Protein chains: 2
Amino acid sequence: MAAERDAGGRRSATIKDVAAAAGVGIATVSRVFSGTGSVSPATRERVQAAARELDYRPSALGRGLKLRRSGGIGLIVPDVTDPFRADLVAGVLACARTFGEHVILDAAHGDPAREAEIVDRLVEQRVDGIIAVPAGTEAAWRAPAGIGASVVFADRVPPGLREIPAVLADDRAGVRTLTEYLVGLGHRRIAFLGAAPASPGGDRPAPAAPGEEDRAGPPAQVRERAFRDTMAALGAGVDEDLVVAARHERDSAFAAAAGLLQRRGDVTAVLAAGHLLGEAAVLVARELDLRVPADVSIAMVDDVPWAELCDPPLTTVARPGHDIGYRACELLLRDRTRRTRRGPVLLPAELVIRGSCGPPRPARSPARPA
Amino acid sequence: MAAERDAGGRRSATIKDVAAAAGVGIATVSRVFSGTGSVSPATRERVQAAARELDYRPSALGRGLKLRRSGGIGLIVPDVTDPFRADLVAGVLACARTFGEHVILDAAHGDPAREAEIVDRLVEQRVDGIIAVPAGTEAAWRAPAGIGASVVFADRVPPGLREIPAVLADDRAGVRTLTEYLVGLGHRRIAFLGAAPASPGGDRPAPAAPGEEDRAGPPAQVRERAFRDTMAALGAGVDEDLVVAARHERDSAFAAAAGLLQRRGDVTAVLAAGHLLGEAAVLVARELDLRVPADVSIAMVDDVPWAELCDPPLTTVARPGHDIGYRACELLLRDRTRRTRRGPVLLPAELVIRGSCGPPRPARSPARPA
DNA sequence: CTGAAAGCGCTAACAG
DNA sequence: CTGTTAGCGCTTTCAG
């Protein structure tokens with residue numbers, strides 16, 4: 001675009017043109033626009049006038065080449081249309097703006113190969129850093145990290161990559177709080193509707209330092225573990241048959257929820273570990289003519305907009321998507337020199353109580369009623 | 001990041017390093033990586049080996065400077081967290097990928113000044129083009145356009161800027177279809193919950209060529225006009241008191257909906273001109289204990305995910321956000337040479353009938369019932 | 001305070 | 001097929 005030619009077909013003005021027009025050297029023009037050095041007010045004015053006249057725009061390409069950086073950062077998310085990720089993107093955008101950096105966005109759709117391609121591209125662009133909600137596992141991210149790229153993970157971190165800075169929601173605390181709430185309401189047969197690991201063999205159990213691994217790592221694992229631990233701590237055993245995992249597609253979530261609710265008419269509450277799962281639970285409950293919360297209580301992780309529009313409105317754990325993005329960007333840009341951080345930054349997840357959970361109904365036959 | 005130094009603190013390899021390591025000239029290395037010209041298989045292999053060894057990544061900065069383009073496009077939306085816009089962004093991303101271009105994203109939040117800043121920044125980056133859901137009006141976009149920048153508008157076009165290519169949803173047809181559906185159901189007192197123009201004095205009535213202006217222009221105006229026209233065509237007069245406009249905030253939408261439904265207990269259906277408005281309508285109806293669709297039918301423009309989760313599920317007009325983004329990007333990148341297009345590309349909006357609309361109830365007192 | 005000159009990493013003629 | 005050369009637009013010593 002502008003780089004090529006203006007409306008008249010002429011190439012856009014360069015620093016040289018401006019210098020000539022203002023009758024100064026190019027160094028002076030550079031000083032005026034880059035803020036470096038000092039120029040006399042008079043000269044400055046003359047240069048600016050000339051620039052205005054020629055509609056001169058400094059080229060980030062030229063500057064970047066010289067400075068060896070582009071002034072932009074890369075952001076990789078699985079999918080922009082997921083409301084939580086959209087929030088995260090908005091957070092990054094907001095923060096990047098304060099640093100005067102632009103952001104190159106791309107979606108990896110959970111595909112490690114695609115993610116790797118994107119990273120390559122970003123490195124070629126010489127971005128000042130990369131923020132990623134990673135899909136690939138350790139190996140995939142060792143490369144860019146080793147190359148000296150500054151990367152910050154957001155929302156999740158590949159197992160075994162704890163040395164890389166990250167900003168995560170405190171899912172463990174969130175799920176614990178939610179579980180305690182449910183148990184406090186009197187529920188014992190709580191179903192946990194979780195997500196299965198995406199990559200085929202990627203999310204191996206993860207060795208990791210005990211006491212830390214339970215707070216970071218794949219969110220799906222963290223949440224399930226938090227659920228189990230809390231139930232155990234509360235003296236409520238968890239029925240393995242009630243812990244199910246779905247893949248990340250809507251269909252899979254729906255099937256899992258339907259299977260669960262039909263098979264076990266005795267569950268009194270379902271804790272969905274994500275908004276897609278929650279959506280499935282709501283839909284299935286409706287299909288099965290189960291009243292919420294009279295027949296089943298439903299709660300989920302992720303406080304998406306529709307939670308409030310549901311009837312009844314859904315109780316959720318709100319994860320701070322915007323803040324996660326903002327902090328991740330801050331970590332990348334502000335603390336780019338000192339790599340002092342040890343362990344991921346954990347942002348609080350808040351329990352939002354609405355109307356979808358109540359005390360369990362006295363009893364119900366194991367088979368689907370009617 | 002990579003541009004600076006690798007893990008060892010050394011600067012990253014350049015084409016020169018690779019050339020030296022492979023014992024060839026830099027031009028040969030360039031040929032290997034840019035695909036231009038031809039190199040003997042043997043040499044090519046040697047170069048690639050050297051590059052691999054040095055972990056060489058061609059710098060887009062250098063290439064860009066030479067080629068006078070960055071290989072990326074700019075995308076400006078009002079807000080990434082709006083589901084419709086998120087779809088649009090996803091569409092652009094998908095298309096850009098096929099062209100091997102990256103996309104620089106930013107949100108203008110409806111602020112023309114901010115939008116102008118973003119455009120400036122994009123021009124400095126020498127993007128190959130800009131796709132925008134514009135906030136500013138004519139004047140603001142004359143500059144970048146005049147500068148020779150290729151821009152394509154998506155979702156809406158500033159009044160008076162018809163010469164710039166654009167991709168829009170056929171809102172006119174969408175609203176017409178929806179209105180006809182409502183009238184066909186027997187509704188006569190249909191409320192139109194619309195959006196007020198964002199910019200203070202920006203959206204002036206717009207002179208424009210008749211017969212065209214009714215399909216493009218600010219969506220809010222297009223939709224309202226489509227509603228009025230359709231009602232008129234159907235012989236159903238529109239009650240001016242039932243046409244209300246809210247600002248783009250949730251609060252405003254809620255207030256407008258509440259005011260409307262309380263003031264006019266006799267409306268039998270409300271047509272919300274956007275998902276925020278629809279959300280407000282649903283919430284207000286619930287608050288007022290109005291059954292949907294028994295007491296009021298509700299329908300809205302924008303088929304956001306929650307429409308299906310509502311109880312009852314909401315009837316909507318689905319606007320193809322993803323396609324709009326995709327096509328806009330295609331228009332920008334594929335047809336960048338020939339500027340043959342005349343008038344905006346209109347993509348169909350589809351009526352999605354769910355359960356929120358039914359025949360009007362026989363009668364109801366003007367005052368709020370209980 | 002200001003100008004001249006030397007590149008930043010890469011591509012594109014132009015010769016061999 | 002391959003090397004040499006001349007910049008692309010900008011920042012930055014280094015003199016003046």
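Just so it is clear, the model here is predicted, and its values are computed rather than measured. Convention: sequence-line order gives letters A, B, ...; per-chain numbering from 1. Side-chain atoms are counted along with the backbone in the values below, which use heavy atoms only and exclude waters and symmetry mates.
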**Message:** Any base atoms under 4.0 Å from Gly62(B), or only sugar-phosphate, or nothing? Heavy atoms, all strands.
**Reply:** base
**Atom pair CZ/CD of Arg63(B) and Gln125(A) - distance to nearest 0.5 Å** = 9.0 Å
**Complete:** Picking from dG9(D), dG3(C), dC8(C), the nucleotide nearest the side-chain atoms of Val24(A) would be dG3(C)
**Asked** Just to confirm, is there a sub-4.0 Å distance from OP1 or OP2 of dT11(D) to any side-chain nitrogen or oxygen of Arg63(A)?
**Response** yes
**Complete:** Closest to the 5' end of DNA chain C, once Arg31(B) and Gly64(B) are matched to their nearest nucleotides, is Gly64(B)
**Asked** What is the distance from CG of Asp17(B) to C1' of dG7(C), rounded to the nearest Å?
**Response** 15 Å
**Asked** Think Ser40(B) has a side-chain N or O under 4.0 angstrom from the OP1 or OP2 of dT2(D)?
**Response** yes
**Asked** Counting just side-chain N and O atoms, does Ser59(B) come under 4.0 Å of either OP1 or OP2 of dC8(C)?
**Response** no
**Atom-to-atom span, CZ of Arg69(B) to P of dG9(C) - whole angstrom** = 22 Å
**Asked** Expressed in angstrom and rounded to an integer, what is the separation of Lys16(A) atom NZ from dA5(C) atom P?
**Response** 13 Å
**Request:** Identify the residue among Val133(B), Ile104(B), Leu122(B) that makes a side chain to side chain contact (heavy atoms under 4.5 Å, CB included) with Ile76(B).
**Result:** Leu122(B)
**Asked** Closer to the 5' end of DNA chain C via nearest nucleotide, is it Thr43(A) or Phe33(B)?
**Response** Thr43(A)
**Between dC10(C) (C1') and Tyr56(B) (OH): distance, integer Å** = 7 Å
**Prompt:** What is the distance from CD1 of Ile15(B) to P of dG7(C), rounded to the nearest Å?
**Reply:** 18 Å
**Inter-residue atom distance Thr43(B).OG1 - Gln48(B).CD, 0.5 Å rounding** = 11.0 Å
**Prompt:** Any chance CD of Glu45(A) has more than 12 other-residue heavy atoms, nucleotides or ligands included, within less than 6.0 Å?
**Reply:** yes
**Item:** Phosphate OP1/OP2 of dG3(C) contacted by Thr28(A) side-chain N/O (<4.0 Å)
**Value:** yes
**Request:** Let me know which of Val92(B), Leu93(B), Leu332(B) forms a side chain to side chain contact (heavy atoms under 4.5 Å, CB included) with Leu75(B).
**Result:** Val92(B)
**Asked** What nucleotide, of dT2(C), dG3(D), dT12(D), holds the atom closest to the side chain of Ala27(B)?
**Response** dG3(D)
**Message:** What contact category does Ser38(B) fall into here, base, sugar-phosphate, or nothing, at under 4.0 angstrom with non-hydrogen atoms?
**Reply:** base
**Item:** d(CG, Leu65(B); C1', dG9(C)) in whole Å
**Value:** 8 Å
**Asked** Of all the choices, dC10(C), dT12(D), dA12(C), which nucleotide is nearest to the side chain of Leu67(A) once you look at every atom?
**Response** dT12(D)
**Request:** Would you kindly give the CG-to-P distance between Leu61(A) and dC10(C), to the nearest whole Å?
**Result:** 13 Å
**Asked** So what does Val29(A) hit on the nucleic acid, given a heavy-atom distance under 4.0 Å: a base, only sugar-phosphate, or nothing?
**Response** nothing
**Prompt:** Between Arg44(B) and Lys66(B), which has a closest nucleotide on DNA chain D that is more 5'?
**Reply:** Arg44(B)
**Prompt:** Nearest-Å distance, CD1 (Ile26(A)) to C1' (dA6(C))?
**Reply:** 10 Å
**Residue pairs fulfilling ring-ring contact (aromatic ring centres under 6.0 Å, His included) with at least one residue in residues 13-54 of chain B, sequence neighbours excluded** = Phe33(B)-Tyr56(B)
